[in-house]
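Structure first, commentary second.
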Amino acid sequence: METPTRFTLRCLAAAATLLLAASCQKVITLDLQASAPRLSIEGNLADDGQPCTVLLARSVSYTDTNVFPAVSGAVVTLSNDAGGLETLRETTTPGQYRGSTILGQPGRRYTLRVEADGQAYVAVSTLPSPVVPLSGLRVQKSAIGSNIQALPDYLDPAGTRNYYLFRQYRNGRLNKNVYLQNDEFTDGKPNVRGLGTGGGGGGGSTDADKLVAGDSLRVEMQNVDVNVYEYFRTLNLTLQGGGMATASPANPKSNFTGDVLGYFSAHSVRRRTILVPKL
């Protein structure tokens, strides 16, 4: 299975290719001719009772094979606003670091620090509170065409800004699109927005992602903070805007300091699974 780090690096390389084809004068910093390797960090801490995991790798030029070298020997620490501090240990999988004591709790603020090659990179993420329940999962026909799309049921809490990230699985296979929603125009209202069958960026849907009656559909809903939402929103814009000659997409907005790719997300996670009915 493709790891999140490999997926993000593949997306960034693809975005760079699109930007070159569009002849944009401002491009993301991946050098298409001979790009210098850059550190990619993907850190995740959920409220599911599991410790923080961090994946470290190096980017490669878009012409190279999709083998992203793992980064071993880094010093990775995680702290929270309650005084907790731990050093994440590298697992038997090169470039994968895992915590043991600090767990994700709604309302807590977490700081991830990565030291590699004499440089330090720091990101801060707050696990949103209150956690928004995923109360149900349905499907509906898309507004255009006859495709079937997932419709997550949840009630947005009134009076606070909320940001949501969704991942979708068909028969256990991850759809590489990353679907985002916020409550800018739906504050305090039940959700009525489906997950687009071709939108969301992040790799593009294929026929293998299209839902049909009888499929097992699983949706994962994450409550994320605004900076993580902005990272994925700008990544999607970069991927979707590459074909527009007038567009000048920039790097996705990482919440890490320094010249680094990736993000650190403290988030809630809720899942629902259904069998797709005949519509």
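Here the side chains of Arg108 and Asp81 are in contact, with some heavy-atom distance below 4.5 Å. Here the side chains of Arg167 and Leu174 are in contact, with some heavy-atom distance below 4.5 Å. Residues Val75 and Val114 have side chains not in contact (no heavy-atom distance under 4.5 Å, counting atoms from C-beta outward). You'll find the side chain of Val132 stays beyond 4.5 Å of the side chain of Leu155, heavy atoms only. When side chains are defined from C-beta on, Leu112 counts as touching Val76, because their heavy atoms get closer than 4.5 Å. No side-chain heavy atom of Ile148 sits less than 4.5 Å from a side-chain heavy atom of Val212. For the pair Val219 and Thr273, the minimum side-chain heavy-atom distance is 4.5 Å or more. The shortest side-chain heavy-atom distance between Arg233 and Tyr163 does not fall under the 4.5 Å cut-off.
Taken from CG in Leu180 to CG in Leu165, the straight-line distance is 5.5 Å, to the nearest 0.5 Å. Interatomic distance, Phe166 CZ to Met221 CE, rounded to the nearest 0.5 Å: 4.5 Å. Interatomic distance, CZ of Arg113 versus CG of Leu88, reported as 14.0 Å (0.5 Å rounding). Rounded to the nearest 0.5 angstrom, Ser254 OG and Leu261 CG are separated by 7.5 Å. Distance check: His267 NE2 to Gln222 CD gives 3.5 Å after rounding to the nearest 0.5 Å. Rounded to the nearest 0.5 angstrom, Ser79 OG and Leu85 CG are separated by 6.0 Å.
Between the Asn227 side chain and the Glu230 main chain, no donor and acceptor come within less than 3.5 Å of each other. The backbone N or O of Ser216 sits less than 3.5 Å from a side-chain atom of Asn171, completing a donor-acceptor pair. When atom types are taken as modelled, the side chain of Ser59 and the backbone of Arg38 share a donor-acceptor pair closer than 3.5 angstrom. Side chain of Arg170 to backbone of Ala208: a donor-acceptor contact under 3.5 angstrom is found. Between the Arg98 side chain and the Val54 main chain, no donor and acceptor come within less than 3.5 Å of each other. When atom types are taken as modelled, the side chain of Asp117 and the backbone of Gln119 share no donor-acceptor pair closer than 3.5 angstrom. With hydrogens and angles ignored, the 3.5 Å screen pairs a side-chain donor or acceptor of Asp187 with a backbone N or O of Gly159.
The two residues Leu134 and Arg272 come nearest to each other via the heavy atoms O-NE, 3.0 Å. For Pro252 against Thr234, the heavy-atom pair with the smallest separation is CA-OG1, 3.2 Å. Between Phe264 and Ser125, the closest heavy-atom pair is O-CB, 3.6 Å. For the pair Tyr110 and Ala266, the tightest heavy-atom approach, listed with the atom from each and the gap, is CD1-CB, 3.8 Å. The two residues Gln168 and Leu211 have their closest heavy-atom pair at NE2-CD1, 3.9 Å. Of all heavy-atom pairs between Ser265 and Val224, the closest is OG-CG1, 4.1 Å.
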Next item on the list: Mind running salt bridge (Lys or Arg N to Asp or Glu O under 4.0 Å) on Arg270 and Asp47 for me, showing each step along the way?
Entry: CA-CA 9 Å; Arg270 299 293 183 268; Asp47 66 341; 3.1 Å; yes
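Side-chain N/O atoms of Ser72 and Glu90 include a donor and acceptor closer than 3.5 Å. Inspection of the Arg138 and Gln149 side chains reveals no N or O donor paired with an N or O acceptor under 3.5 Å. Judged purely by distance below 3.5 Å, without hydrogens or angles, the side chains of Ser142 and Asn147 never pair a donor atom with an acceptor atom. If you check the side chains of Asn162 and Thr160, you find a donor sitting under 3.5 Å from an acceptor. Under the 3.5 Å distance criterion, with hydrogens and angles disregarded, no donor-acceptor pair is assigned to the side chains of Thr186 and Asp156. Asn177 and Asn175 are linked by a side-chain donor-acceptor pair at a separation below 3.5 angstrom, with hydrogens and angles left out of the test.
In the hydrophobic cluster analysis, where Ile, Leu, Val, Met, Phe, Trp and Tyr join through side-chain heavy atoms closer than 4.5 angstrom, Leu279 is grouped together with Leu195.
Heavy-atom contacts from other residues, nucleotides or ligands closer than 6.0 Å to CZ of Arg161 number more than 12.
Between Arg173 and Asp209, at least one side-chain nitrogen of the basic residue sits less than 4.0 Å from a carboxylate oxygen of the acidic one, meeting the salt-bridge criterion. Salt bridge absent: Asp215 and Lys210 never bring a charged side-chain N and a carboxylate O closer than 4.0 Å.
Taking Arg218 as the reference, nothing meets the side-chain hydrogen bond (donor to acceptor under 3.5 Å, both in side chains) condition, with sequence neighbours excluded.
When each of Phe256, Phe232, Tyr229, Tyr121 is checked for a ring-ring contact (aromatic ring centres under 6.0 Å, His included) with Tyr263, only Phe232 meets the rule.
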